[in-house]
Amino acid sequence: MSLPKGFYIGAATAAHQVEGNNTGSDDWALEQLEHSEFQEPSGIACDHYHRYEEDIRLMAAAGLNAYRFSIEWARIEPEHGHFDDDEIEHYRRVIECCRQNGLEPILTLFHFTSPVWVIREGGWENEKVVDYFRDYVTYVISRLGRGLHYVVTINEANMRLQITMIMERFQRQLMAQMQGAAKAPAASDQAEETTEGQVQVGLNLKALMAGREAAAKEKAAIFGTPDPKTFVSPCTPEGDRIVMRAHEAAREAIRAFDPAIKVGLSLSLHDVQAAEGGEERADREWDDEFLHYLPYIQNDDFLGVQNYTRAVIGADGEQPVPEGCETTQMGYEFYPEGLEHVLRRVAEEFHHELFVTENGVATDDDTRRVEFIRRALQGVEAAVSDGLPVVGYTYWSLLDNFEWQKGYSMRFGLVACDRDTMERTPKESLAVLGSYIKESLV
Ligand code: BGC
């Protein structure tokens, strides 16, 4: 075991996916639509809002030393300019609880969900969001920032672009199949299978297409537009830059408060591999996912690396998972080696600390999760012993939680959560993850 002393090992969650009753957010509104794209609403989620103490204690008991979680913007600023001090107190208690239990709190300021009012104002395509985000971050950091060591501004800041590409691909496949055949009644099923597995977040493309028009009317009633620009929606190139400017504004606000806080964003990064003939496409893919963001993150203190699998790119684009290969509930290839590859590739261009802010697997077979963690951490160890500045690893996710449009059907958790009673049951994988800390101290 060669993880250095002080290396962070923990688990990650996001507010909307675990807290429950996050009623002021755009996602909540979208989940309630009659023609919702969501398989089910988030509802009470894992009731982490009330049970965070129990959850933090479970991590501490297993030996973890870090907890990555997010602050919910819609709770803090439910209406533009109205900040809620009681909600800040809630998060202050969560941070305190981490510290009392020996866990480093790794704060994420934005994890996909925005207050409804932000979306009504044009959402993530309106450059005003940069100011809105700066104001929110300034408020949060001025109250919670003291003593924090790592803050992630925006989770998977490249997600909008990834969704754009997935949607374009899906539309193209759908069109081609429809033109090719009234004889292909299951066209959308096929298109869904080949595209959905490529994005590192749960989407329900088939439902999305079917209910589109009806949903558009419902959306217009809530957001003032049939096509709300939420964070998890396709973006224009300008929208992509707006996300980066929001990050830079947040970084500035955090540094103005305390330059000792390490600031970064996180990116969803596939281990992009080229099959024969796919070299150029694979290079473009890596540029879209990572390289073109470099100018905006070069002044950060660290990068949050989030990897779940690999993407093999051939002459015709991403190749399907080969027949017979093990896949996860999300449909990805089970490929824990991807993490090490991504860390090494990123470190060639980005010369600050790397923090694995997400890596994990959705499965009902916890022995596969144990295997995934074992192989992923083996890769992290190899990277560290070669001198890469990797400082931590937070597994996604602490709990079986709300996987966005896919609802509660995907189980990433180290801890099971009974949907009726909310009872927690730690899995073997939690103890295994904790054992890495214990071993690295001897
Ligand atoms: C996101 C999480 C999500 C996870 C698994 C990441 O893209 O940050 O919110 O649950 O992947 O799909």
Side-chain angles (χ1 to χ4, degrees), residues 10-19 22 25-28 30-31 38-40 42 45-46 48 67-73 106-114 152-166 195-205 230-233 243 264-271 289-290 303-311 327-336 338-339 342 355-363 369 372-373 376 393-415 417:
T13 63
H16 189 77
Q17 294 177 269
V18 293
E19 285 182 347
N22 177 25
S25 87
D26 52 356
D27 258 62
W28 180 275
L30 292 168
E31 291 159 25
F38 286 76
Q39 204 159 298
E40 57 190 317
S42 54
C46 301
H48 182 67
Y67 177 37
R68 172 182 176 232
F69 62 96
S70 76
I71 308 279
E72 190 60 46
W73 187 356
I106 313 285
L107 221 68
T108 302
L109 292 163
F110 181 85
H111 195 123
F112 293 166
T113 43
S114 314
V152 179
T153 56
I154 298 178
N155 179 69
E156 296 191 340
N158 57 350
M159 183 48 72
R160 300 202 69 209
L161 201 62
Q162 284 189 8
I163 288 180
T164 311
M165 293 187 293
I166 292 291
T195 53
E196 204 182 273
Q198 297 162 345
V199 69
Q200 291 190 166
V201 65
L203 294 180
N204 236 350
L205 293 178
T230 66
F231 192 85
V232 189
S233 69
V243 174
L265 49 65
S266 77
L267 294 175
S268 160
L269 297 168
H270 295 84
D271 174 14
E289 264 192 30
F290 177 62
L303 172 68
V305 171
Q306 309 200 166
N307 168 264
Y308 287 85
T309 190
R310 68 171 164 178
T327 53
T328 77
Q329 286 177 331
M330 295 288 282
Y332 312 148
E333 181 180 353
F334 182 97
Y335 192 73
L339 179 59
V342 165
F355 200 126
V356 180
T357 39
E358 282 184 33
N359 173 251
V361 60
T363 176
R369 188 173 348 269
F372 191 92
I373 290 173
Y393 174 99
T394 47
Y395 174 87
W396 183 271
S397 179
L398 173 64
L399 292 155
D400 285 339
N401 63 31
F402 182 68
E403 179 55 28
W404 308 111
Q405 293 182 4
K406 289 191 183 294
Y408 292 99
S409 60
M410 302 287 121
R411 281 170 290 274
F412 281 92
L414 300 165
V415 175
C417 172

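The structure presented is a predicted model; accordingly, all values stated were derived computationally and were not measured. All ligand and atom numbering here is 1-based and tracks the order in the structure.
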K.L.:
Among side-chain atoms of Q306 and T357, is any donor-acceptor pair under 3.5 angstrom?
P.N.:
yes
K.L.:
One pair to check against ring-ring contact (aromatic ring centres under 6.0 Å, His included): H16 and W404. What are the steps and the verdict?
P.N.:
CA-CA 9 Å; H16 189 77; W404 308 111; 5.7 Å; yes
K.L.:
Which atoms from ligand 1 have a heavy atom of M330 less than 4.0 Å away?
P.N.:
12 (O)
K.L.:
My understanding is that only residues two or more places apart in sequence, or in another chain, count here; which of them pass side-chain hydrogen bond (donor to acceptor under 3.5 Å, both in side chains) with W73?
P.N.:
E77
K.L.:
Any nitrogen or oxygen of W404, main chain or side chain, under 3.5 Å from a nitrogen or oxygen of ligand 1?
P.N.:
yes
K.L.:
Below a 4.0 angstrom heavy-atom separation, can you tell me which part of N401, side chain or backbone, both or neither, approaches ligand 1?
P.N.:
neither
K.L.:
Within ligand 1, which atoms have a heavy atom of N155 less than 4.0 Å away?
P.N.:
8 (O)
K.L.:
Between T113 and E72, is any side-chain donor less than 3.5 angstrom from a side-chain acceptor?
P.N.:
yes
K.L.:
What pair of heavy atoms forms the shortest contact from S409 to Q329, and how long is it?
P.N.:
O-OE1, 3.8 Å
K.L.:
Hey, is M410 touching ligand 1 through its side chain, its backbone, both or neither, going by heavy atoms under 4.0 Å?
P.N.:
neither
K.L.:
Can you see which heavy atom on E156 is nearest to which on S266, and at what distance?
P.N.:
N-OG, 2.8 Å
K.L.:
Please identify which atoms of ligand 1 are closer than 4.0 Å to at least one heavy atom of H111.
P.N.:
1 (C), 2 (C), 8 (O), 9 (O)
K.L.:
In terms of atom number and element, which parts of ligand 1 are under 4.0 angstrom from non-hydrogen atoms of Q306?
P.N.:
8 (O)
